[in-house]
Chemist: 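Once you've had a glance at the structure underneath, I'll fire off some questions.
One is the number of the first residue; the rest follow in order along the sequence. Side chains included, hydrogens not; waters and symmetry mates left out as well; all remaining heavy atoms used.
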Amino acid sequence: MPASRRSRHTRHSRLRRIVAWTAASIGAILILAIGAFLVWAGIGRMDADPAAVAALDADPAISVVHEDGAWVMAPAEGADGTGLVFLPGAKVDAIAYAPTFRDLAAAGTTVVIPDLPLRFAILETRDLDDFAAYAPEVDRWAIGGHSLGGVRACQEVSRIPDAALILLASYCAADLSDGGAEVLSISGTNDGLSTPADIDAASNLLPPTAEMVVIDGANHAAFGWYGVQPGDGEATVSREQVAREVSARSRELIAGA
């Protein structure tokens with residue numbers, strides 16, 4: 001083989017080895033990253049308070065059923081065609097938010113709380129149309145979320161701007177300031193995760209008409225029934241009080257009541 005051909009062959013072989021080594025290295029890094037994420041996602045998962053969930057089953061004013069990837073909470077009677085899709089916060093069991101919206105459901109609004117992939121809203125690929133299929137009788141929808149769930153809800157509203165938006169201890173990454181969405185943001189003074197400063201700093205991404213409600217004494221975990229959360233502040237108001245406020249304010253937005 002001529003020297004020039006041997007040289008080209010050597011360069012090509014070296015290039016193939018470099019490409020193969022690079023691809024293998026990237027693949028290994030991705031596998032390690034995915035594995036680390038799965039391990040982290042499984043640590044510190046926050047389950048619902050069993051007593052709070054049991055109380056829902058005993059409440060004659062509402063029905064709570066689990067249907068193929070979502071909890072559906074509906075009024076036992078008097079459903080008025082309004083609905084709320086609510087996306088849980090990171091690592092939190094979906095049913096932990098049902099007690100928060102018990103009064104809302106009893107007043108006539110159907111509440112759909114999806115089970116999220118690995119309990120992370122950012123991994124959820126279903127959209128509002130998919131969620132609406134759980135309650136086809138509803139003709140006026142709002143979408144909302146707690147913490148990271150609220151961030152994902154903002155993304156959905158940016159796609160469907162006529163849907164109302166409810167944020168609990170959350171704020172948007174998407175800019176909705178020029179849209180016409182009705183927005184309700186409820187936060188707590190003692191939140192150590194979505195702090196009052198965080199909520200205020202992101203408020204410019206919401207429409208000027210957004211209603212900003214701050215519950216004195218509420219912390220991050222006060223908006224769900226799943227216990228304490230690392231890094232959070234201490235609540236000085238009960239979950240029952242927070243739930244009543246959330247349901248009442250949400251009802252005003254969704255039904256105009």
Side-chain angles (χ1 to χ4, degrees), residues 44-49 51-53 55 84-105 107 109 111 113 116 119-122 142-154 157 164-174 176 181-207 209-254:
R45 286 161 63 94
M46 290 164 279
D47 294 328
D49 180 343
V53 175
L84 169 66
V85 173
F86 191 79
L87 305 180
K91 299 188 180 184
V92 182
D93 191 357
I95 190 61
Y97 296 96
T100 304
F101 293 104
R102 192 215 72 85
D103 288 350
L104 178 65
T109 297
V111 182
I113 311 173
L116 302 177
R119 296 189 181 180
F120 279 90
I122 57 174
I143 186 168
H146 176 230
S147 195
L148 189 60
V151 177
R152 177 67 181 85
C154 292
V157 168
L165 174 65
I166 297 173
L167 300 174
L168 301 187
S170 184
Y171 45 88
C172 289
L176 306 180
E182 297 179 85
V183 179
L184 169 65
S185 171
I186 306 178
S187 57
T189 59
N190 295 13
D191 193 327
L193 301 174
S194 295
T195 66
D198 293 333
I199 301 292
D200 183 64
S203 62
N204 65 306
L205 298 176
L206 299 178
T209 56
E211 183 181 6
M212 309 296 291
V213 177
V214 181
I215 300 179
D216 188 34
N219 64 357
H220 200 74
F223 294 97
W225 299 69
Y226 56 86
V228 298
Q229 195 163 357
D232 200 3
E234 183 178 352
T236 57
V237 63
S238 71
R239 280 185 169 86
E240 289 82 0
Q241 290 174 277
V242 173
R244 284 194 294 270
E245 181 79 0
V246 168
S247 278
R249 296 281 189 165
S250 298
R251 181 67 179 168
E252 289 174 1
L253 178 73
I254 296 171

Chemist: Counting C-beta onward and ignoring hydrogens, is there a side-chain heavy-atom pair between Y171 and D200 closer than 4.5 Å?
Modeler: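 A side-chain contact under 4.5 Å is absent here.
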
Chemist: Between A169 and S194, which heavy-atom pair has the shortest distance, and what is it?
Modeler: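 Answer, listing the atom of A169 first, then S194: O-OG, 2.8 Å.
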
Chemist: Any chance you could measure L168, atom CG, to L87, atom CG, to the nearest 0.5 Å?
Modeler: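 The distance works out to 11.0 Å.
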
Chemist: Is a donor from one side chain sitting under 3.5 angstrom from an acceptor on the other, for N219 and D232?
Modeler: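 Short answer, yes.
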
Chemist: Measuring from atom CE of M212 to atom CD1 of I199, what distance do you get when rounded to the nearest 0.5 angstrom?
Modeler: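 If I round to the nearest 0.5 Å, the distance is 6.5 Å.
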
Chemist: Side-chain contact test, heavy atoms from C-beta onward, threshold under 4.5 Å: evaluate it for F120 versus L148 and give yes or no.
Modeler: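 Yes, at least one pair of side-chain atoms sits under 4.5 Å.
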
Chemist: Rounded to the nearest 0.5 Å, how far apart are OH of Y226 and NE2 of H146?
Modeler: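 It is 4.0 Å, given to the nearest 0.5 Å.
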
Chemist: Taking atom CG of L116 and atom CZ of R152, what is their separation to the nearest 0.5 Å?
Modeler: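 Rounded to the nearest 0.5 Å, the CG-CZ separation comes to 9.5 Å.
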
Chemist: Quick check against the 3.5 Å criterion: does H220 have a side-chain atom that pairs as donor or acceptor with the backbone of T195?
Modeler: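 No, the answer is negative, given that no donor and acceptor are paired below the 3.5 Å cut-off.
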
Chemist: Between R251 and A107 (side chain of the first, backbone of the second, donor and acceptor by atom type, cut-off under 3.5 Å), is there such a pair?
Modeler: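 It does hold such a pair.
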
Chemist: What I'd like to find out is whether the side chain of V237 reaches to under 4.5 Å of the side chain of V242, using heavy atoms alone.
Modeler: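 V237 vs V242: side chains touch.
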
Chemist: Could you check if a side-chain atom of T100 sits within less than 4.5 angstrom of a side-chain atom of S247, using non-hydrogen atoms only?
Modeler: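 T100 does not reach S247 side chain to side chain.
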
Chemist: Enumerate the salt bridge (Lys or Arg N to Asp or Glu O under 4.0 Å) contacts for residues 235-250, please, sequence neighbours excluded, ordered by first and then second residue.
Modeler: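 Checked against salt bridge (Lys or Arg N to Asp or Glu O under 4.0 Å) - neighbours excluded - the pairs reaching residues 235-250 are E211-R249, E245-R249.
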
Chemist: Check whether any side-chain heavy atom of D216 lies under 4.5 Å from a side-chain heavy atom of T236, and answer yes or no.
Modeler: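 Result no, sub-4.5 Å side-chain heavy-atom pair not found.
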
Chemist: For A98, what residues pass the side-chain contact (heavy atoms from CB on, under 4.5 Å) criterion, not counting sequence neighbours?
Modeler: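 For A98, the residues satisfying side-chain contact (heavy atoms from CB on, under 4.5 Å) (neighbours in sequence not counted) are L56, M73, I95, I113.
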
Chemist: Quick check: closest heavy atoms across G144 and L84, and the distance to 0.1 Å?
Modeler: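 In this case the closest contact between G144 and L84 is N-CD1, 3.9 Å.
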
Chemist: Got C172 and V151 here, is their nearest side-chain heavy-atom distance under 4.5 Å?
Modeler: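 No; the side chains remain at least 4.5 Å from each other.
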
Chemist: Which residues pass the side-chain contact (heavy atoms from CB on, under 4.5 Å) test with V214, not counting sequence neighbours?
Modeler: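 Residues passing side-chain contact (heavy atoms from CB on, under 4.5 Å) with V214: S187, T189.
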
Chemist: How far does OG1 of T209 sit from CD of E182, to the nearest 0.5 angstrom?
Modeler: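 If we round to the nearest 0.5 Å, T209:OG1 and E182:CD are 7.5 Å apart.
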
Chemist: Examine distances only and state if a side-chain atom of S250 and a backbone atom of V246 form a donor-acceptor pair shorter than 3.5 Å.
Modeler: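 Yes; at least one donor-acceptor contact below 3.5 Å.
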
Chemist: To the nearest 0.5 Å, what is the distance between CG on L253 and CD1 on I166?
Modeler: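 Those atoms lie 5.0 Å apart.
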
Chemist: Under 4.0 Å between a side-chain nitrogen and a carboxylate oxygen: does that hold for D47 and R119?
Modeler: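 Looking at D47 and R119, the cut-off is met.
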
Chemist: Identify the two heavy atoms, one from F223 and one from Y97, that lie closest to each other, and give their separation to 0.1 Å.
Modeler: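 Closest approach of F223 to Y97: O-CD2, 3.5 Å.
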
Chemist: Please name the pair of heavy atoms, one in L165 and one in A153, separated by the smallest distance, quoted to 0.1 Å.
Modeler: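 Heavy-atom minimum between the residues: CD1-CB, 3.8 Å.
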
Chemist: So, for V92 and P88, which heavy atoms are closest and what is the spacing to 0.1 Å?
Modeler: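 In terms of heavy atoms, the two residues are closest at O-CB, 3.8 Å.
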
Chemist: If you apply the rule side chain to side chain contact (heavy atoms under 4.5 Å, CB included), what do you find for L167 with L184, and how did you get there?
Modeler: CA-CA 6 Å; L167 300 174; L184 169 65; over 6 Å; no

Chemist: Could you tell me if the side chain of L176 sits less than 4.5 Å from the side chain of L205, heavy atoms only?
Modeler: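 Heavy-atom side-chain distance check fails, nothing below 4.5 Å.
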
Chemist: Which heavy atom of S170 sits nearest to which heavy atom of S147, and what is that distance?
Modeler: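 The pair with the smallest heavy-atom distance is OG-O, 2.6 Å.
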
